[in-house]
Q: 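My questions will all concern the structure given below.
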Number of protein chains: 2
Amino acid sequence: MTTEQVEQVRRFNRTVAERVGVLHDHYLGGARPYGQARLLWQIGDEGTHDVRGVRARLGLDSGYVSRLLRALERDGLVAVEPHPEDRRVRTVRLTEAGRAERALLDDRSDALAASLLDPLDARQRDRLTAAMAEVERLLTASVVTVEVLDPDHPDAALCLRAYAAELQELFDTGFDPANSLLPDPGELRAPRGLFLVARLHGDPVGCAGLKLPTGAPAEIKRLWVSPGTRGLGLARRLLTELEERAARHGVELLRLDTNKALEAATRLYRSSGYTEVPAFNDEPYADHWFEKRLTQENRTRPQ
Amino acid sequence: MTTEQVEQVRRFNRTVAERVGVLHDHYLGGARPYGQARLLWQIGDEGTHDVRGVRARLGLDSGYVSRLLRALERDGLVAVEPHPEDRRVRTVRLTEAGRAERALLDDRSDALAASLLDPLDARQRDRLTAAMAEVERLLTASVVTVEVLDPDHPDAALCLRAYAAELQELFDTGFDPANSLLPDPGELRAPRGLFLVARLHGDPVGCAGLKLPTGAPAEIKRLWVSPGTRGLGLARRLLTELEERAARHGVELLRLDTNKALEAATRLYRSSGYTEVPAFNDEPYADHWFEKRLTQENRTRPQ
DNA sequence: GTCATTCTCTGACCTTAGTCAGGTAATGCC
DNA sequence: GGCATTACCTGACTAAGGTCAGAGAATGAC
């Protein structure tokens with residue numbers, strides 16, 4: 001990355017933090033301490049919630065949450081009651097006044113957003129919101145972490161199930177991993193292979209497997225990205241990371257097969273330097289076969 | 001503005017605040033309390049600064065700043081000395097250790113920025129920084145305030161001097177307001193006219209005048225935007241605001257003249273619905289004359 | 001020289017946002 | 001029934017970020 005890019009990011013952080021921060025204090029400052037507001041927000045308009053669940057989602061200390069709840073209770077904004085089935089657990093819900101307070105915070109939040117847009121003309125507003133969407137999208141992409149996981153790890157298994165369920169819907173023939181050439185994801189475990197899982201805020205959102213058979217070219221399997229995170233460039237990132245790791249294992253030729261229903265995947269492979277080749281296996285679910293010769297480039301991530 | 005736009009801005013605030021906030025704590029948190037860091041930053045690498053100036057720029061309480069300075073002094077990062085000419089005032093400068101500490105904060109800030117870019121590929125980095133630049137630009141534009149000022153107000157006078165100085169450089173013939181058809185900016189004062197000044201963080205960054213002669217069409221004069229804030233759409237905003245105010249004064253026909261050297265201004269007028277007309281005055285500095293018929297539209301700002 | 005003003009400093013005080021170490025009641029395990 | 005565990009609460013404590021009311025010294029206005 002270049003110095004100008006780093007400078008731009010710093011300038012952005014400064015401007016946005018200052019501008020949004022000042023307005024945040026102005027619009028939301030007088031209302032309610034930040035901790036209480038967060039809690040109010042997390043409890044939500046409807047239904048009751050376990051205190052432990054709320055606490056876990058906000059990542060706060062048990063004593064601290066307890067104190068915040070007492071404060072909200074004193075102001076008549078929440079009602080705390082023991083859980084009907086487990087009286088250690090306590091549940092919390094908003095009262096009428098609590099919902100009103102939450103709506104107030106909501107309105108102020110809207111007012112804050114509107115105050116940013118207000119001085120701009122229609123064209124500038126379109127451009128600002130488009131640029132904000134882009135920043136948000138790419139910052140989200142940059143929080144995603146990728147790591148090697150055992151295919152039996154719950155997060156890995158979750159991805160593999162989601163992958164299978166999606167293909168079952170998508171393929172004309174349906175999809176049953178047991179009928180595929182990779183009935184056992186154990187083949188994606190060292191030393192016979194590896195399995196990558198991408199996570200966003202701890203939740204698994206994508207995966208990719210690499211088969212490293214002795215005496216045969218390596219193969220990419222089970223590349224999947226969750227529907228909610230598509231468009232973040234995650235598939236390409238997983239693919240690139242697999243290529244790097246394959247190269248580090250001395251792999252020179254990478255192969256993969258795919259189904260004609262997976263058009264986005266096929267486009268990704270083509271644009272990543274894979275060329276279509278004749279069928280190199282008899283995978284029943286495959287319509288296209290690709291390969292890519294790895295070069296020195298793949299061994300070091302291009303900066 | 002639309003609900004989707006407000007929603008987008010709120011989503012942006014949330015995502016960006018969270019993402020940047022968490023990283024901010026991670027990279028800059030351990031180092032030094034935020035208040036001290038701000039002060040260290042504001043004092044700057046070189047030269048001495050009046051304590052009152054620093055305080056004014058940060059908008060902090062005098063007692064609080066005093067305490068922060070004592071803390072920094074204790075750590076040997078700053079040296080505080082009485083002002084040579086006014087011994088009530090105290091001046092502050094960074095010591096060697098202070099400069100080192102500031103450089104450290106600087107490095108951590110860079111590291112924070114880099115950590116946002118790091119997981120992205122080259123194309124994503126380009127897009128992210130471009131979008132950030134756009135957000136920053138438009139947020140800056142949205143902090144600019146526009147208000148009516150007396151042409152004799154120091155901020156107005158500053159703009160008018162900058163305007164004249166710039167034309168003096170730009171025109172083949174030079175520029176002396178005394179030779180222009182508006183020798184006295186007092187004509188831009190109610191009830192004979194009005195004068196708008198745009199400000200960014202309190203500093204004047206643009207102006208525009210309106211002449212409202214009785215029995216003759218109104219005229220736009222002295223439209224200027226400071227070089228540092230060009231590209232924010234400020235000129236168009238000033239022009240639109242003048243049109244609205246003119247319409248409220250019952251003006252139906254707006255006229256203006258301009259010099260051929262002011263190409264950006266000429267483009268602005270054309271794209272804002274002004275049509276070129278024959279010379280309607282004998283302004284010595286004018287090469288082009290424009291007019292625009294105001295309609296009902298101009299009387300209410302289009303949202 | 002007097003008096004008001006300016007600039008800085010100090011002490012007293014406050015809220016927020018936490019952390020940590022028990023304590024209590026309910027539940028699950030055997 | 002006994003014991004460990006779980007969920008929550010309370011009390012004690014901390015750091016940061018500030019506010020407010022003077023005090024003290026220097027300066028400017030007259």
Side-chain angles (χ1 to χ4, degrees), chain A residues 17-18 21-22 24-26 28-43 48-75 77-93 101 105, chain B residues 17-18 21-22 24-43 48-75 77-93 105:
Chain A
E18 192 196 315
V22 167
H24 189 272
D25 293 351
H26 182 255
L28 302 157
R32 196 155 279 280
Y34 185 56
Q36 289 183 30
R38 274 178 84 193
L39 205 53
L40 218 46
W41 198 263
Q42 187 60 241
I43 293 167
T48 58
H49 301 262
D50 291 3
V51 169
R52 67 179 161 187
V54 171
R55 195 171 54 220
R57 273 197 298 280
L58 292 176
L60 296 176
D61 176 83
S62 137
Y64 183 41
V65 168
S66 187
R67 231 175 291 280
L68 289 175
L69 280 176
R70 292 299 82 70
L72 291 175
E73 222 172 10
R74 244 193 337 271
D75 294 353
L77 303 181
V78 302
V80 180
E81 286 143 12
H83 193 284
E85 282 156 31
D86 182 344
R87 282 180 306 172
R88 291 171 304 181
V89 180
R90 306 196 70 188
T91 61
V92 59
R93 64 179 168 79
E101 182 78 11
L105 291 173
Chain B
E18 191 196 316
V22 168
H24 190 274
D25 292 351
H26 182 255
Y27 282 95
L28 302 156
R32 195 155 280 281
Y34 185 55
Q36 290 183 29
R38 274 178 84 193
L39 204 53
L40 217 46
W41 197 263
Q42 188 59 242
I43 292 167
T48 59
H49 302 261
D50 292 4
V51 169
R52 67 177 162 188
V54 171
R55 193 170 57 221
R57 273 197 298 279
L58 292 176
L60 297 176
D61 174 82
S62 136
Y64 183 41
V65 168
S66 188
R67 230 175 291 280
L68 289 176
L69 281 177
R70 291 300 81 70
L72 291 175
E73 221 171 10
R74 243 192 337 272
D75 294 352
L77 303 181
V78 303
V80 181
E81 287 142 12
H83 192 285
E85 281 155 32
D86 182 345
R87 280 180 307 171
R88 289 171 305 182
V89 181
R90 306 195 69 186
T91 61
V92 58
R93 63 180 168 77
L105 291 173

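Values reported hereafter were calculated over all heavy atoms of this structure, with side chains retained and with hydrogens, waters and symmetry mates removed.
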Q: Got a second to check how far B:Arg90's CZ is from B:Ser66's OG, nearest 0.5 Å?
A: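 Answer rounded to 0.5 Å: 8.0 Å.
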Q: What is the distance, to the nearest angstrom, from the CG atom on B:Leu72 to the C1' atom on D:dG17?
A: 14 Å
Q: Measuring to OP1 and OP2 of D:dC9, would you say a side-chain N or O of A:Arg70 lies under 4.0 angstrom away?
A: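 Yes, such a contact exists.
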Q: Using side-chain contact (heavy atoms from CB on, under 4.5 Å) as the criterion, list what pairs up with B:Asp25, not counting sequence neighbours.
A: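 side-chain contact (heavy atoms from CB on, under 4.5 Å) list for B:Asp25, sorted by chain: empty.
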Q: Looking at residues 50-59 of chain A, who's got a heavy atom less than 4.0 Å off DNA chain D?
A: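 Per residue number, the list reads A:Val51, A:Arg52, A:Arg55.
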Q: If I take atom OH in residue A:Tyr64 and atom C1' in nucleotide D:dT10, what distance separates them, rounded to the nearest angstrom?
A: 16 Å
Q: Choosing from D:dT27, D:dC9, C:dT8, which nucleotide comes nearest the side chain of B:Asp86?
A: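 Looking only at side-chain atoms, B:Asp86 lies closest to D:dT27.
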Q: Strictly below 4.0 Å, N to O, side chains only: are A:Asp75 and A:Arg32 in salt-bridge contact?
A: yes
Q: Using the side-chain hydrogen bond (donor to acceptor under 3.5 Å, both in side chains) criterion, which residues pair with B:Arg52? Sequence neighbours excluded.
A: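 Per chain and number, B:Arg52 pairs via side-chain hydrogen bond (donor to acceptor under 3.5 Å, both in side chains) with B:Asp50.
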Q: Please identify each residue that fulfils side-chain contact (heavy atoms from CB on, under 4.5 Å) with A:Thr48, with sequence neighbours left out.
A: A:Thr91, A:Arg93
Q: With heavy-atom distances below 4.5 Å as the criterion, would you say the side chains of B:Val89 and B:Asp86 are in contact?
A: yes
Q: Find the distance between CG (A:Leu69) and CZ (A:Arg74) and round it off to the nearest 0.5 Å.
A: 11.0 Å
Q: May I ask you to evaluate whether A:Arg67 reaches the phosphate of C:dT16, defined as a side-chain N or O under 4.0 Å from OP1 or OP2?
A: no
Q: Rounding to a whole Å, what distance do you find between B:Leu68:CG and C:dT8:C1'?
A: 14 Å
Q: Would you mind reading off the distance between B:Arg74 atom CZ and C:dT10 atom P, rounded to a whole angstrom?
A: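 So the two atoms are 10 Å apart, to the nearest Å.
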Q: Where each residue is assigned the nucleotide of DNA chain D containing its nearest heavy atom, which of A:Val89 and B:Pro84 is assigned the position nearer the 5′ end?
A: A:Val89
Q: Would you list the protein and nucleotides 21-25 of chain D atom pairs, both N or O, that sit under 3.5 Å from each other?
A:
none

Q: Nearest heavy-atom pair of B:Ala71 and B:Gln36: which atoms, and what distance?
A: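 Scanning both residues, the minimum pair turns out to be CB-NE2, 3.6 Å.
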Q: For the atom pair CZ (A:Arg67) and CG (A:Asp61), what is the distance rounded to the nearest 0.5 Å?
A: 8.5 Å
Q: Given atom CZ of B:Arg90 and atom P of C:dT6, what is their separation to the nearest angstrom?
A: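 The answer, rounded to whole Å, is 20 Å.
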Q: Any residue in residues 34-41 of chain B with a heavy atom nearer than 4.0 angstrom to DNA chain D? Just list them by number, or reply none.
A: B:Tyr34, B:Gly35
Q: Side-chain contact test, heavy atoms from C-beta onward, threshold under 4.5 Å: evaluate it for A:Val54 versus A:Leu58 and give yes or no.
A: yes
Q: To the nearest 0.5 Å, what is the distance between CZ (A:Arg38) and CG (A:Leu40)?
A: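 These two atoms lie 13.0 Å from each other.
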Q: Taking side chain as C-beta onward, heavy atoms only, is A:Gln42 less than 4.5 Å from A:Arg57?
A: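 SC-SC contact between A:Gln42 and A:Arg57 confirmed.
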Q: Starting at atom NE2 of B:His83, determine the distance to atom P of C:dT6, rounded to an integer number of angstrom.
A: 17 Å
Q: Rounded to the nearest Å, what distance is computed from the CG atom of residue B:Leu69 to the P atom of nucleotide D:dG18?
A: 14 Å
Q: Can you tell me the distance, in whole Å, between the CZ atom of B:Arg32 and the C1' atom of D:dA15?
A: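 It is 15 Å, rounded to the nearest whole Å.
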